[in-house]
Amino acid sequence: MADVKLIIGANWGDEGKGKVDAYFSKEADLVIRATGGANAGHTVYYNNTSGETVKMALHLVPGGIVYNYTMCLIGQGVALDMEVLQEELKMLSDNYIFDPKSRVKISGTCNVVMPYHKDLDRLHESLKSKKIGTTGKGIGPAYSDNRLRTGLLVYDLLLSEQELASKIAVAIKAHNELFKAFNMSECVVDPNELATIYHSYGKFLKDNNMVVNGHEFVKKYLDNPLAKIVVEGAQSTRLSIENGDYPNCTSSDSNTLGTLSGAHLSHKDVTEVINVNKAYFTRVGNGPFPTEYVSHINSQGELTSYEKQEAFEGDILREIGKEYGATTGRPRRTGAFDAVLAKNSAEISGADYLCITRLDTLGEYGLEHGSVQICTEYKYEGKNISYYPDNMEFTHETPTPNYITFDGGWKIDSENMKTFDSLPFKARLFIKIIEETTGVPVKYIGTGPNNCDLIVRDI
Ligand code: GTP
Ligand code: IMP
Ligand code: MG
C-alpha cells in the first residue's frame, strides 16, 4: 500500500499547514484537497525559474501543484467554486507553474458552489443575532443544498445545457422565494442564464480532461506500494461541523474522518496523521477562545485604532506574527498555546505526531512582551478540568486557563538551528510541556517562515 500522510489543523485554522504540506508534497505523487472550499487560504512558497522564492496564496488547488511531478486532486468533499478554480489555474500559469491544467484533477462528485450560495451566505449571516463571521464564500449554503439533495455536482456541469438548466431550476426554487421575501430581488436567479455560464465551465473541464472518478483515481496510487500521497487538510478540528465549536465553525468535517472520506480514502489507508498547531493560537471569526489575549479587536472582529504604546498583549502578538487572514485579510484574534485544546484535538483526529509551527515567532513575542505562557488546565464551572468542554455555548462560560509562565522568550536562528537539541533551552522546555500535556510526540517544529525552516525529529 502507498504511504499516506494526513495533515490536519488542530486549532482554528491557519496553523501554517502549508509548510508541512510542502515538506511532504515535494516528494509526493499525489496531493489531495478533501474538505472546505475557497474559505480556506493556504500560503505556498516555491522557487521560480530565476531561483527566487515566491509566495502565493491558494484557496482550492492543492499546494503540491508547485512541484512539477506531483498530481493534484480536488476530492469529493470539496465545495468547488469554478470562478476561483479558473482564477487559480490562470495565476499558476502566469507564474510559470508547470502545466497546471493537466495536473489538477477534479472528482466528478465534488459539490459545486453557485453564485446564489454566496448571496445565501450573506442573507443567513445577516439574520443571525450572534454572527459566526463566515468568510462569505458560499460554502455553508453549498453543503446545505448537497444535504437537501438539490446541490449540483461537477458531473452536472458536463450535462447538456437544457438538463443543467432544469437541475438549477429545481435547486433555486426555494432560494428565489427567499430572495424575494427578503427584498433581495437582484439575487433572484434565472436558471437558463446560469446554465449557459456553468455549462461553459463544464466544457472547460471536459476539454482539459480534468474530471475523474475520484475513487478509482486515488485507488491507482493506493495500490502502488512506492507511491506517496499527501492529504492537505483544510480548516481544523475546532472548526469542524462534527467536533468543532458548533455553531461557530465551518460547514464541513475538517477532522480526520471527514478529511478521509472527502479524499476518497478509508481509515485503513492512513500511514501517519499529523496535527498541526501554532506555538500560540489564533482565530478569525467568532466563538470561544479560552486563551485569547486582550487586544483592540471588537466583537465584530474589526481592529479598532490604537497607538503603539496602548497595545495589549494580543496586539503585540498579532503584529509580531503578522496575523491577518489569508482569505479575507481580517485581523486574527491571538492568544496563548492551549495544551488542553491541543490534547483534545489530537484525540479527536487520532494524531500520531504533532507539528508546532512558529516557535520562532513565540520566542520573539516573549522577548518583546517579557514572558510566554502555555495553558495546561482550565477552571470551568468552578472546577479544575483538563478536557475541552463541549457545552460552552449553553453555559455561556469560557474556561479560564491555568498557565505555566516562562520569563522572557528566545531567539531562533533557523539557518543554524536545524535540530531539536540546538534550540534554546526554554524553547525545548516549551515543546516538552506540550508533549507531556498532550501525550503526543512533537515530531515537526517550525522555526521560520520558509519551507526549509522545519525541524523533523527522529522519533
Ligand atoms: P493553513 O491555513 O493552516 O493552511 O495555513 P496557512 O499556510 O494558510 O497559514 P497562514 O495563512 O497563517 O500563513 C502561514 C504563514 O506563516 C506563511 O507566511 C508562513 O511563511 C508562515 N509560517 C509558517 N510556519 C512558520 C514558522 O514556523 N515560523 C514563522 N516565522 N513563520 C511561519
Ligand atoms: P465559513 O466556513 O466561511 O462559513 O466560515 C465559518 C467560520 O469558520 C468563520 O468563523 C470563519 O472565519 C472560519 N473559517 C472558515 N475557513 C477558515 C480557514 O481556512 N481558516 C480560518 N478560519 C476559517
Ligand atoms: Mg489559512
Side-chain angles (χ1 to χ4, degrees), residues 7-23 33 35-45 53 55-60 62-63 79 81 113 117-118 120-122 124-125 128 130-144 232-236 238-241 244-252 254 275-280 282-289 301 318 320-334 355-365 412 414 427 444-455:
I7 295 151
I8 302 287
N11 314 146
W12 290 284
D14 308 321
E15 296 90 352
K17 294 182 284 291
K19 163 176 280 186
V20 193
D21 291 341
Y23 176 74
R33 255 298 296 273
T35 63
N39 50 354
H42 222 56
T43 313
V44 177
Y45 289 86
T53 302
K55 181 174 172 174
M56 204 159 49
L58 287 173
H59 301 282
L60 275 176
D81 185 323
V113 179
H117 289 135
K118 293 174 202 169
L120 288 167
D121 225 355
R122 213 160 22 97
H124 287 296
E125 182 82 338
K128 291 191 171 107
K130 275 168 78 185
K131 315 281 178 213
I132 58 171
T134 158
T135 59
K137 304 290 177 189
I139 309 300
Y143 285 123
S144 307
E232 289 187 359
Q235 286 93 33
S236 66
R238 295 261 41 88
L239 285 175
S240 162
I241 188 86
D245 299 328
Y246 191 90
N248 295 294
C249 56
T250 189
S251 45
S252 60
S254 38
N275 248 31
V276 186
N277 294 263
K278 247 184 225 182
Y280 52 91
T282 60
R283 179 166 197 164
V284 273
N286 294 333
F289 187 168
R318 185 174 48 252
I320 290 180
K322 299 185 186 62
E323 292 294 350
Y324 293 86
T327 300
T328 56
R330 284 184 290 179
R332 292 174 180 153
R333 299 157 67 194
T334 53
C355 170
I356 307 295
T357 60
R358 288 189 170 261
L359 195 61
D360 55 316
T361 312
L362 181 67
E364 277 169 39
Y365 163 79
I412 295 183
S414 60
Y444 308 91
I445 300 172
T447 55
N450 299 316
N451 284 350
C452 58
D453 302 328
L454 185 74
I455 293 176

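Indexing begins at 1, ligand by ligand and atom by atom, following the structure's order. Keep in mind that the numbers below use all heavy atoms, side chains included, and drop hydrogens, waters and symmetry copies. Predicted, not measured: the structure shown is a model, and the values here were computed from it.
Proximity of L239 to ligand 2, defined as any heavy-atom pair under 4.0 Å, is confined to the side chain (atoms from C-beta onward). When non-hydrogen atoms are compared, ligand 2 lies under 4.0 Å from neither the backbone nor the side chain of I139. Residue R283 does not touch ligand 2, judged by heavy-atom distances below 4.0 Å.
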Exercise for review: Please report the C-alpha distance between N450 and T53 in whole Å, then the side-chain angles of each, then the deciding distance to 0.1 Å, and finally whether the side-chain hydrogen bond (donor to acceptor under 3.5 Å, both in side chains) criterion is met.
Suggested key: CA-CA 9 Å; N450 299 316; T53 302; 5.8 Å; no
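Of all atoms in ligand 1, numbered sequentially from 1 with element shown, those under 4.0 Å from a heavy atom of Y45 are 17 (C), 18 (O), 19 (C), 20 (O). When each atom of ligand 2 is checked for a heavy atom of I132 under 4.0 Å away, the hits are 9 (C), 10 (O). Distances below 4.0 Å separate heavy atoms of G446 from the following atoms of ligand 1: 27 (O). The ligand atoms of ligand 2 that sit less than 4.0 angstrom from a heavy atom of V284 are 10 (O), 12 (O), 21 (C), 22 (N).
For the ligand labelled ligand 1, residue R332 lies inside the 4.0 Å heavy-atom shell. Heavy-atom distances between E232 and ligand 1 stay at or above 4.0 Å for every pair. Within the structure, the closest approach of D453 to ligand 1 does not fall below 4.0 Å when heavy atoms are considered. Every heavy atom of G9 sits 4.0 Å or more from the atoms of ligand 1.
Here the heavy atom of the protein found nearest to atom 16 (N) of ligand 2 is Q235 NE2, 3.1 Å. Counting protein heavy atoms only, atom 31 (N) of ligand 1 is closest to P449 CA, 3.4 Å. In this structure, atom 12 (O) of ligand 2 lies nearest to the protein heavy atom R330 NH2, 3.0 Å. Atom 4 (O) of ligand 2 has its closest protein heavy atom at T134 OG1, 3.2 Å. With respect to atom 18 (C) of ligand 2, the closest heavy atom belonging to the protein is N39 O, 3.8 Å.
With T250, I241, N11, T135 as candidates, the residue nearest to atom 3 (O) of ligand 2 on a non-hydrogen basis is T135. The residue among K322, R358, H42, K17 with a heavy atom at the shortest distance from atom 15 (C) of ligand 1 is R358. Distances from atom 19 (O) of ligand 2 to the heavy atoms of G140, G36, G133, A40 put A40 nearest. Comparing heavy-atom distances from atom 14 (C) of ligand 1 across L58, T43, N450 singles out T43 as nearest. Remark: among candidates G285, A38, S236, C249, the nearest residue to atom 7 (C) of ligand 2 is C249, based on non-hydrogen atoms.
The N, O or S atom of D14 with the smallest distance to the Mg ion (ligand 3) is OD1.
Every N/O-N/O distance between D121 and ligand 2 stays at or above 3.5 Å.
Distance check for G13 against the Mg ion (ligand 3): none of its N/O/S atoms falls below 2.8 Å.
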